[in-house]
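First listed ligand is number 1; within each ligand, the first listed atom is number 1.
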Amino acid sequence: MHTQVGIIGAGPSGLLLSHLLHLNGIESIVLENRSRQYVEERIRAGVLEQGTVDLLNDSGVGARMQKHGMVHRGLDLLFEGKRHRIDLGELTGGKAVVVYGQHEVVKDLIQARLDAGGQILFEVGDVSLHDLTAAQPRIRFVKDGVAEEIVCDYIAGCDGFHGVSRAAIPSGVIREFERTYPFAWLGILAQAAPAADELIYAHHERGFSLFSMRSPQITRLYLQCAPDEDLAAWSDDRIWNELHTRLETDDGWKLNEGPIIQKSITPMRSFVAEPMQYGRMFLAGDAAHIVPPTGAKGMNSAVADVKVLARGLTAALRDQGTDLLDAYSTTCLKHVWRKQHFSWWMTSMMHRFADNTAFQDHMQLSELNYLVRSRAAATMFAENYVGASVDSQ
Ligand code: APR
Ligand code: PHB
């Protein structure tokens with residue numbers, strides 16, 4: 001088998017790359033080790049920046065998002081029992097975010113690729129990468145018990161943090177920057193109408209909490225918990241009690257409860273690998289960088305990479321030069337580090353750190369108070385949240 005671009009991973013990065021390349025007349029094959037059902041049902045964050053929304057619309061995969069996505073022009077920061085609205089639209093010259101589950105984006109992209117005759121091979125095993133610095137790198141894998149090989153012009157490593165692509169780069173070539181946090185998020189989906197139209201990020205002495213949503217019928221909620229938290233110790237009653245406590249406001253607002261249909265734990269990590277390329281292989285999305293979920297930058301960061309990569313690969317494969325591709329990592333690392341900083345900063349400001357002194361608690365609250373009182377500070381927050389800051393896209 002031969003393809004122009006061999007893509008490892010059918011998450012948002014790999015699928016969007018394959019779709020954009022197809023629109024440019026470049027063929028690719030996507031290899032995914034999980035099943036189609038698994039990737040379509042994997043619950044992740046669900047806040048799309050304006051740039052992500054625009055790219056999905058402009059590339060023709062935005063129809064369901066336009067129908068079911070919820071446009072949010074503001075959000076609340078809740079601390080010391082009071083809600084403070086950040087008017088994202090007003091502070092950013094009319095920009096907004098769209099709340100639409102990442103797995104819905106994945107479904108839309110898979111459908112678009114299959115409708116266009118694209119090749120996505122699900123449930124492949126033993127994926128390995130070879131000759132990355134040669135003119136024709138190769139991917140080996142096993143499908144239905146048969147060993148296969150694809151000869152490629154380029155390879156895109158879109159296989160997430162635990163994938164094989166980054167690991168295939170010889171040690172010493174890549175520099176890794178990492179920070180782990182002493183907490184995780186316990187996330188639930190509840191069959192309950194969201195009790196507010198906008199997200200609420202809550203700072204509380206018992207720990208961070210987040211009110212979000214997926215649809216007019218489904219509420220999405222998170223609680224800061226221990227990194228090794230045992231889900232079995234969290235009965236539905238305990239979860240609701242904790243949510244009510246952490247999301248309590250002085251204005252009488254209350255969550256709607258309903259049956260909990262999904263529970264999971266999300267670890268928190270900041271990670272960047274530099275450079276994001278080696279020979280003829282390019283890393284995109286979680287394969288190259290991870291953010292903690294505060295601020296929901298993960299998928300937006302991945303989409304921003306893929307936009308640059310699709311352009312670079314297209315130019316190279318049309319014999320228009322490799323300048324864009326050569327500069328891929330340098331170009332991407334600008335938006336990558338901007339989003340890293342914002343996610344780290346928001347995480348640090350909103351969470352309870354077990355070893356925080358009373359002084360540090362005051363620092364968090366003073367920063368939050370400043371953020372909601374100063375237009376300059378609120379604008380900084382809003383620009384980053386919607387992805388309109390310098391270097392964000
Ligand atoms: N071979 C083939 N596929 C693999 C392999 C492998 N060895 N290892 C991992 N994969 C697949 C995973 O099963 C997954 O479907 O690669 C895909 C990577 O997808 P994501 O983890 O969703 O990463 P990405 O597409 O970069 O999307 C980034 O996902 O994790 C969130 O917060 C993150 O929202 C961000 C987005
Ligand atoms: C979500 O709805 O899952 C979500 C929203 C905002 C975040 C993180 C996750 O910052």
Closest approach of any protein heavy atom to [atom], naming residue and atom:
atom                   : value
atom 4 (C) of ligand 2 : Y222 CE1, 3.8 Å
atom 5 (C) of ligand 2 : V47 CG2, 3.5 Å
atom 8 (C) of ligand 2 : P293 O, 3.3 Å

Numbered atoms and elements of ligand 2 in range of [X], under 4.0 angstrom, heavy atoms:
X    : value
G46  : 1 (C), 3 (O)
A45  : 3 (O), 9 (C)
G295 : 10 (O)
L199 : 5 (C), 6 (C)

*Nearest heavy atom to atom 6 (C) of ligand 2: which of Y201, W185, Y100 does it belong to?*
Y201
*Applying a 4.0 Å heavy-atom criterion (strictly less than), which segment of S212 is in contact with ligand 2: side chain, backbone, both, or neither?*
side chain
*When you check the gap from the basic side-chain N to the acidic O, do K82 and D251 get nearer than 4.0 Å?*
no
*Does K263 pair with D236 as a salt bridge, N-O distance under 4.0 Å?*
yes
*Can M346 be said to touch ligand 2, with heavy atoms closer than 4.0 Å?*
no
*Under the 3.5 angstrom rule, does the side chain of R73 hit a backbone N or O of A96 as a donor-acceptor pair?*
no
*asked:* Is any side-chain heavy atom of N57 closer than 4.5 Å to one of M65?
replied: yes
*Answer whether the closest heavy-atom distance between the side chains of Q224 and E229 falls below 4.5 Å.*
no
*Output field: ring centroids F183/H351 closer than 6.0 Å*: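 Yes, the ring of F183 comes within the 6.0 Å limit of the ring of H351, centre to centre.
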*When the ring centroid of H289 is compared with that of F177, is the distance short of 6.0 Å?*
no
*Can you sort out the partners of W240 under ring-ring contact (aromatic ring centres under 6.0 Å, His included), two or more places apart, ordered by chain and number?*
none
*Sequence neighbours excluded, which residues qualify as ring-ring contact (aromatic ring centres under 6.0 Å, His included) partners of Y154?*
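For Y154, no residue satisfies ring-ring contact (aromatic ring centres under 6.0 Å, His included) once neighbours in sequence are set aside.
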*Look only at interatomic distance and state if Y385 has a nitrogen or oxygen under 3.5 Å from any nitrogen or oxygen of ligand 2.*
no
*Could you tell me which residues satisfy side-chain contact (heavy atoms from CB on, under 4.5 Å) with Q37, sequence neighbours excluded, listed by chain and number?*
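Result, side-chain contact (heavy atoms from CB on, under 4.5 Å) vs Q37: S35, E41.
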Quick check on ligand 1: any N or O pairs to the protein under 3.5 Å? One line per pair.
| residue | atom | partner | partner atom | Å |
| --- | --- | --- | --- | --- |
| ligand 1 | 3 (N) | N33 | N | 3.2 |
| ligand 1 | 13 (O) | E32 | OE2 | 2.6 |
| ligand 1 | 13 (O) | N33 | OD1 | 3.3 |
| ligand 1 | 15 (O) | E32 | OE1 | 2.6 |
| ligand 1 | 15 (O) | E32 | OE2 | 3.2 |
| ligand 1 | 15 (O) | R42 | NH1 | 3.4 |
| ligand 1 | 15 (O) | R42 | NH2 | 2.7 |
| ligand 1 | 21 (O) | R44 | NH2 | 3.4 |
| ligand 1 | 22 (O) | R44 | NH1 | 2.8 |
| ligand 1 | 25 (O) | P12 | N | 3.2 |
| ligand 1 | 25 (O) | S13 | N | 2.9 |
| ligand 1 | 25 (O) | S13 | OG | 3.2 |
| ligand 1 | 26 (O) | S13 | OG | 2.7 |
| ligand 1 | 26 (O) | D286 | N | 2.9 |
| ligand 1 | 29 (O) | R44 | NH1 | 3.0 |
| ligand 1 | 29 (O) | Q102 | NE2 | 3.1 |
| ligand 1 | 30 (O) | R44 | NH1 | 3.0 |
| ligand 1 | 30 (O) | D286 | OD2 | 2.5 |
| ligand 1 | 34 (O) | Q102 | OE1 | 2.6 |
| ligand 1 | 34 (O) | M299 | N | 2.9 |

*Exceeds 12 heavy-atom contacts within 6.0 angstrom, atom CD of E176*: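 It does: E176 CD has more than 12 such atoms within range.
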